[in-house]
Amino acid sequence: MEIKKGFNVTFYLLIIPVLIWLITLIVIPHGELFISSFLVEDDLGEMVFSLGNYIEFFSHQIYWMTFVKTAIYAIGVTVLAFIVTFPIAFYLTKVASRKNASFLMLLLLVPLWVGELVTVYGWMVLLGDHGIINHFLIGVGIIDEPINMLYTNFSMVIGLLYMSMLFMVLPVMSALESMDDSLIEAACDLGASKWVIFTRIVIPYAMPGIVSGAIIVFMLVIGDYLAPNLLGGKNSLWFTEQIYNEFLSTFNWNEGAAFGFLLLILSSSIIWVALKLSGQKLEKVGS
Amino acid sequence: MIRSLPNSPLYKVGYRVYVFLFFTFLVMPLLAISVLAFNDSDFISLPWHGFTLDWFFAATDEREGLFADEGLISSIYVSISTGLSVAAMATIVGTMAALLFEEEQFRFKGLLYFLALTPLVIPGVILGISILLTATAAGVHIEDNFGVDIELFRPSYWLVILGQFAFEATFVMLLVSARLKKFDRTLEEAALSLKATRLQAILYVTLPFLRPAIIGAFVVAFILSFSNINTTIFLVGSDPTLPIDLYSRIRFSSTPVLNAVSFMIVLTISVFALINFFVSRKKTPS
């Protein structure tokens, strides 16, 4: 019984800070976001309930086109991140020697820790009209005029891919690590081709890791601001930029709240569909 | 295709080339800015005009190096102090959350755990605007009713700390939970049967076991805070953090001093990563 007595004090000691964190910084702010998105200023300067902010969104092509474009590009970058990094995750867990793998892992983590701003800036320096890549290509005589790479959809996708792809590698690696090599050996002994081994054994085995990675990558890309803003051109408007404009340029916070809420719905519904399709739980994604 | 199986030479070479290209792609932007930080030119890119340390130390009218630029030094200071505060708060509350969800049973546990995970799927921009809206509404409310203006509720240093803390506590919680799952619960039971209170058992048995994860989580939280921009940009007041300062410089006035700052960040992180690499290799000789 004495155990029971101590239990209560500790329980309240633990739960109170956690409740304060979740209620004041997660629940109330998102409730406020939701409510603000339905408020507009009437002629008298009073805030009144209205669907105006959402009507505004659907009646201006530029808003919903950007929204759709952001969603499509985010899905595209997620798929690309999987294609680009899957061979690397496989290499690091199953092909490379332990020593090499741990060194390469280190290389993999440095860009992640350095932070997005520095890496995006690095890509600006590389891809610019007078940037290093153009300089190099002209230097060796492959081209005469600089290729316009910066401020295009191409540079934006490079930036988005670069900052998000490592979040695909890590969960896929941890899924592959638990895979028994003899599964692959057995398939190989039975005469399966490499393609069959990858598509029928390795990828299905790594699926939980792939889904976790895909959700994180998609989330990061859809909510990203730096890569579209600094690497994308005038035509590469990203939905977060619209939110940013409403808040920090035109100061129409209620319109911005509606945009934010729409983005939240878009990201959570796509994640929900991904979880349903793969039969996973959100708890799994975190671990 | 794996270590134990033979491969055709073509496949082997092809695979190696791909891995090489991938890591080149990864290192290129970091290498580029690091080298250009030493370029004796007034523009951020090539051509190479010779080696100089001007972008670190110069203090003339034409060139102002990193260490002479008071704006930059002050934003670095703001970032470090923000990072330490956020990391400390996130580590404490995140660890409490991990203990709560791993060890306690209570009503609505599932709902609360779900809430604690939501920062993983809420874009940083949305967290930023939500907290900005709420703080502003609260500030206006308090000013109207009590006539006091509280700085915390306006975009400021403190609001940045709260905003970053809101999502980083989740990361700490997950890192600490992962270690807590490996904890042998009988150790705690032994302490309890030796008449320790539950709080004593946590303080003297569980927390020492969690120490490596807690330190790791603190470092992760600091790094996340130091590089955060999506949430911070909406909450920042008159004293910008380093990424906010760099961002406005990149947009409005690029000089090679940006390369120098980036180089310092890359250098710090690399040294740190190498130390971590050798320390952890010593611990696990395999």
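Sequence lines set the chain letters: A, B, ... in the order given, protein chains first and strands last, and positions in each chain run from 1.
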Nearest-0.5 Å distance that lies between atom OG1 in A/Thr85 and atom CG in B/Leu26: 11.0 Å

Going from OG1 on B/Thr118 to CG on A/Leu22, what distance comes out if it is rounded to the nearest 0.5 angstrom? 7.0 Å

Heavy-atom distances under 4.5 Å only: say whether B/Met89 touches chain A with side chain, backbone, both or neither. neither

For the residue pair A/Gly223 and B/Pro123, what are the closest heavy atoms and their distance? CA-CB, 3.8 Å

Contact part of A/Tyr244 toward chain B, heavy-atom cut-off under 4.5 Å: side chain, backbone, both or neither? both

Under the side chain to side chain contact (heavy atoms under 4.5 Å, CB included) criterion, do A/Leu19 and B/Leu112 qualify, and how do the steps go? CA-CA 8 Å; A/Leu19 279 177; B/Leu112 209 58; 3.7 Å; yes

Indicate the atoms forming the closest heavy-atom contact of B/Ala32 with A/Leu126, along with that distance. CB-CD2, 3.9 Å

CA sep, side-chain torsions, deciding dist, call: B/Phe22, A/Leu108, side chain to side chain contact (heavy atoms under 4.5 Å, CB included): CA-CA 10 Å; B/Phe22 176 84; A/Leu108 208 59; 3.7 Å; yes

What are the two closest heavy atoms between A/Ile83 and B/Tyr18, and how far apart are they? O-OH, 4.2 Å

At a heavy-atom separation under 4.5 Å, does B/Ser177 approach chain A through its side chain, its backbone, both, or neither? neither

For B/Leu10, I'd like to know if atom CG has over 12 heavy atoms of other residues, nucleotides or ligands within 6.0 Å. no

Please state whether the side chain, the backbone, both or neither of A/Leu264 comes within less than 4.5 Å of a heavy atom of chain B. both

Give a yes or no on this: more than 12 heavy atoms of other residues, nucleotides or ligands lie within 6.0 Å of atom NZ of B/Lys12. no

B/Phe167 and A/Leu25: CA distance, side-chain angles, deciding distance, side chain to side chain contact (heavy atoms under 4.5 Å, CB included) verdict: CA-CA 9 Å; B/Phe167 71 92; A/Leu25 293 172; over 6 Å; no

Measuring heavy-atom distances to chain A, does B/Phe171 have an atom under 4.5 Å in its side chain, in its backbone, in both, or in neither? neither

Okay, A/Met165 and chain B: the region with an atom under 4.5 Å from a heavy atom over there is side chain

Got a second to check how far B/Phe272's CZ is from A/Trp113's CH2, nearest 0.5 Å? 6.5 Å

Does any heavy atom of chain A fall under 4.5 Å from the side chain of B/Ile223, the backbone, both, or neither of them? side chain

Could you look at A/Leu106 and say if it's the side chain, the backbone, both or neither that has a heavy atom under 4.5 Å from chain B? side chain

When the 4.5 angstrom heavy-atom criterion is applied to A/Leu263 and chain B, the contacting part is both

Engaged part of A/Ile15 at the chain B interface, taking heavy atoms whose separation is under 4.5 Å: both

Measure from the side-chain N and O atoms of A/Trp21 to the backbone N and O of B/Ala166, and report whether any donor-acceptor pair falls under 3.5 Å. yes

Out of curiosity, A/Ile243 CD1 to B/Ile126 CD1, how far, rounded to the nearest 0.5 Å? 5.5 Å

A/Leu230 vs B/Arg251, side chain to side chain contact (heavy atoms under 4.5 Å, CB included): CA-CA, chis, key distance, verdict: CA-CA 8 Å; A/Leu230 293 176; B/Arg251 287 196 69 178; 3.7 Å; yes

Measure distances from B/Ile233 to the heavy atoms of chain A and classify the residue's part below 4.5 Å as side chain, backbone, both or neither. both

Could you check whether the rings of B/Phe25 and A/Tyr162 sit parallel, tilted or perpendicular, using 30° and 60° as the cut-offs? perpendicular

Given heavy-atom pairs under 4.5 angstrom as the criterion, report whether the side chain, backbone, both or neither of A/His135 touches chain B. side chain

Name the member of B/Val220, B/Leu127, B/Ile92, B/Ile269 that forms the most heavy-atom pairs with chain A at distances under 4.5 Å. B/Ile269

Select one option (side chain, backbone, both, neither) describing which atoms of A/Val84 are under 4.5 Å from chain B's heavy atoms. both

For A/Leu104, is it the side chain, the backbone, both, or neither that has a heavy atom closer than 4.5 Å to a heavy atom of chain B? both

Between A/Thr119, A/Leu107, A/Asn254, who has the most heavy-atom pairs with chain B when the cutoff is under 4.5 Å? A/Leu107

Can you tell me if A/Tyr225 and B/Tyr247 form a side-chain donor-acceptor pair at under 3.5 Å? yes

side-chain contact (heavy atoms from CB on, under 4.5 Å) with A/Val114: which of B/Val266, B/Ile33, B/Leu267, B/Thr268? B/Val266

For chain B, which candidate among A/Ser267, A/Gly31, A/Pro87 shows the most heavy-atom pairs at distances under 4.5 Å? A/Pro87

Does any heavy atom of chain A fall under 4.5 Å from the side chain of B/Leu30, the backbone, both, or neither of them? side chain

Please state whether the rings of A/Phe11 and B/Phe106 are parallel, tilted or perpendicular, taking 30° and 60° as the class boundaries. tilted

Do the non-hydrogen side-chain atoms of B/Leu133 and A/Pro29 ever get within less than 4.5 Å of each other? no

Just verifying a value: how many Å separate A/Thr10 OG1 and B/Met96 CE, rounded to the nearest 0.5 Å? 10.5 Å

Against chain A, work out which of B/Thr136, B/Thr95, B/Leu224, B/Ile202 has the most heavy-atom pairs shorter than 4.5 Å and name it. B/Thr136

Structural part of B/Ala169 lying under 4.5 Å from a heavy atom of chain A: both

Spatial distance of atom OH (A/Tyr121) from atom CG (B/Asn259) [nearest 0.5 Å]: 3.5 Å

If every non-hydrogen atom of B/Ile129 is compared with every non-hydrogen atom of A/Leu33, which pair is closest and at what distance? CD1-CD1, 3.7 Å

Tell me, side chain or backbone of A/Asn134 under 4.5 Å from chain B's heavy atoms, or both, or neither? neither

Check whether B/Leu162 gets within reach of chain A through its side chain, its backbone, both or neither, counting any heavy atom under 4.5 Å. both

Show the nearest heavy-atom pair for residues A/Ile26 and B/Pro119, with the distance to one decimal. CD1-CG, 3.8 Å

